[in-house]
Enquirer: 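Once you've had a glance at the structure underneath, I'll fire off some questions.
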Number of protein chains: 2
Amino acid sequence: MTITDGLGRRPGGRSARVRAAVRAATLSELAEKGYAALTVDGVAARSGVHKTTVYRRWGGVEGLIADALEMASEEPWPIPDTGSAEEDLRALTRLVVTGFTDPDDGPVSAAFIAAAMQDSAAAVALAGFFASRHEQAARIVTRAVARGELPAGTDPAEVVRAAVAPIYYRLFVSREPVDAAVADRAANAALAAARAGALG
Amino acid sequence: MTITDGLGRRPGGRSARVRAAVRAATLSELAEKGYAALTVDGVAARSGVHKTTVYRRWGGVEGLIADALEMASEEPWPIPDTGSAEEDLRALTRLVVTGFTDPDDGPVSAAFIAAAMQDSAAAVALAGFFASRHEQAARIVTRAVARGELPAGTDPAEVVRAAVAPIYYRLFVSREPVDAAVADRAANAALAAARAGALG
DNA sequence: ATCCTAACGCAACACAAGTTGCGATAAGTC
DNA sequence: GACTTATCGCAACTTGTGTTGCGTTAGGAT
């Protein structure tokens, strides 16, 4: 299950090509067929890399997800900066909604959540991913506090959590439909709670 | 994957015993080993029912979960009624937290969420389960509105969602630790948002 | 240019998951 | 009590997943 993450003794050349091919194949397979249908044989066939190699370097399906997740957490998130906390939070929650309703990215994002349910390595990778996301999105709140829109002592990450949590809750827990209106309501509720000083 | 849910042509006698034995074995296996280790062979061996029978009636692991979930959604939820919305919501969120941190019930509850990620039948069953939960917990809010604690026009289910969502978010999405303090903060934030009229 | 060996490809294997055909058992009906 | 058939137990089979041993290829160092 340990991934020789490019820091192995031979990071360049063929090994790098193999890794890139497998990563790309994993994302393609996830986008097309979803997590439930993701198999090692599938990504091996698509990537042109042999099945045994994938098992050896990634350990299995969960390892593939963890690797793709690590890659995803490295790329930055386009955090909005409109000048008002209300607009910023709405844009943020809408970004989350579209990230899961998009026919291409949606299945991939959902796969990350699903994989973490079954494998501890994927769970750790997911925790890192969201820690990065919270850190990036916290700037929305710190700016709002600096402008005086929100009370001093407000916990930035907690506002972000309150804003996005209802969306994830509907998507993966209560299994209710999600759209832009849901995003706006979640953003407004988080903002109202923060203004009341309930998120300090 | 279709479960002959006691409404089959022979609901009594042996069939009923088989179903009860399999259901009990499923819950025991989940509590002990968790969802990742739940196998049809395992519940078959524990229940004394043959593997083939389980496959025929439940279809597989996901069917077992869906059946157990259906059973769980029938039994009522001890909704608190302390006289104040603040206390009620706090008790509710703490109930959710203990439901997942309890070493016996926790793995079972988590298994329901995990199963819905992979199987559509389990997803439908989970949606029904939470619809029932929302309906029951909504009374906390309707009572609070009747008492004048919360503004008229407040959406009861939306308050419940806002209160419990951060807990599920931490447990299954951002993978952050959860305790009673988290429960209290989530309840307070939902209450503040509702008082501000952001959950109408 | 040559050597060393990490990393890969390949085939065969081991194991668990799920299926099928058939005979045996016991509900439900008369 | 006798009959019909839904349901279950059983064993053999098929399929998919993951493993192992070994030969081959190609980085990286000298």
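Chain letters run A, B, ... following the sequence lines, proteins first, then strands; residues in each count from 1. As the structure is a prediction and not an experimental result, all values here were calculated from the model.
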Enquirer: Got a salt bridge between B/Glu70 and B/Arg23, using NZ or NE/NH1/NH2 to carboxylate O under 4.0 Å?
Expert: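 Salt bridge absent between B/Glu70 and B/Arg23.
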
Enquirer: Could you please name the option among C/dG9, C/dA7, D/dC8 that lies closest to any side-chain atom of A/Ser15?
Expert: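 Closest nucleotide among those given: C/dA7.
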
Enquirer: I want to verify a distance call: between C/dG21, D/dA11, D/dG18, whose nearest atom is closest to the A/Tyr55 side chain?
Expert: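 The answer is D/dG18, which lies nearest to the side chain.
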
Enquirer: Among D/dC22, C/dA17, D/dC10, which nucleotide has an atom closest to any side-chain atom of A/Arg56?
Expert: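 Side chain of A/Arg56 sits closest to D/dC22.
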
Enquirer: Charged N to carboxylate O below 4.0 Å: is that the case for A/Arg19 and A/Asp67?
Expert: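 A salt bridge links A/Arg19 with A/Asp67.
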
Enquirer: For B/His50 and C/dT25, give me the distance from atom NE2 to atom C1', rounded to whole Å.
Expert: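 Between C1' of C/dT25 and NE2 of B/His50: 15 Å.
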
Enquirer: If you check every side-chain atom of A/Arg57, which of C/dG18, C/dA7, C/dC10 has the closest atom?
Expert: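 Comparing C/dG18, C/dA7, C/dC10 against the side chain of A/Arg57, the answer is C/dA7.
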
Enquirer: So do B/Phe100 and B/Phe172 actually touch side chain to side chain, heavy atoms under 4.5 Å?
Expert: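 Yes, side chains in contact.
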
Enquirer: With a 4.0 Å cut-off, would you call B/Glu176 and A/Arg161 a salt bridge?
Expert: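 Salt bridge: yes.
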
Enquirer: Between atom CG in A/Asp41 and atom P in C/dG9, what is the gap in whole Å?
Expert: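 The answer, rounded to whole Å, is 14 Å.
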
Enquirer: Heavy atoms from C-beta onward define the side chain here; which of D/dT17, D/dG27, C/dC10 lies closest to that of A/Arg17?
Expert: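 Shortest atom-to-atom distance from the side chain points to D/dG27.
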
Enquirer: Quick one: B/Trp58 CH2 to C/dA17 C1', roughly how many Å, whole number?
Expert: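 In whole Å, C/dA17 C1' lies 18 Å from B/Trp58 CH2.
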
Enquirer: Between D/dT19 atom P and A/Lys51 atom NZ, what is the distance in whole Å?
Expert: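 Going from A/Lys51 (NZ) to D/dT19 (P), I get 10 Å.
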
Enquirer: Tell me the interatomic distance from A/Arg19, atom CZ, to D/dG27, atom C1', rounded to whole angstroms.
Expert: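 Taking atom C1' of D/dG27 as the reference, CZ of A/Arg19 is at 17 Å.
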
Enquirer: Looking at the side chain of B/Val18, which of D/dC8, C/dA17, C/dG9 is the nearest nucleotide?
Expert: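 For the B/Val18 side chain, the nearest candidate turns out to be D/dC8.
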
Enquirer: What's the CG-C1' distance between B/Leu38 and C/dA17, to the nearest Å?
Expert: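 About 13 Å, once rounded to whole Å.
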
Enquirer: What nucleotide among C/dT19, C/dA11, D/dG18 has an atom nearest to a side-chain atom of A/Thr52?
Expert: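 The answer is C/dA11.
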
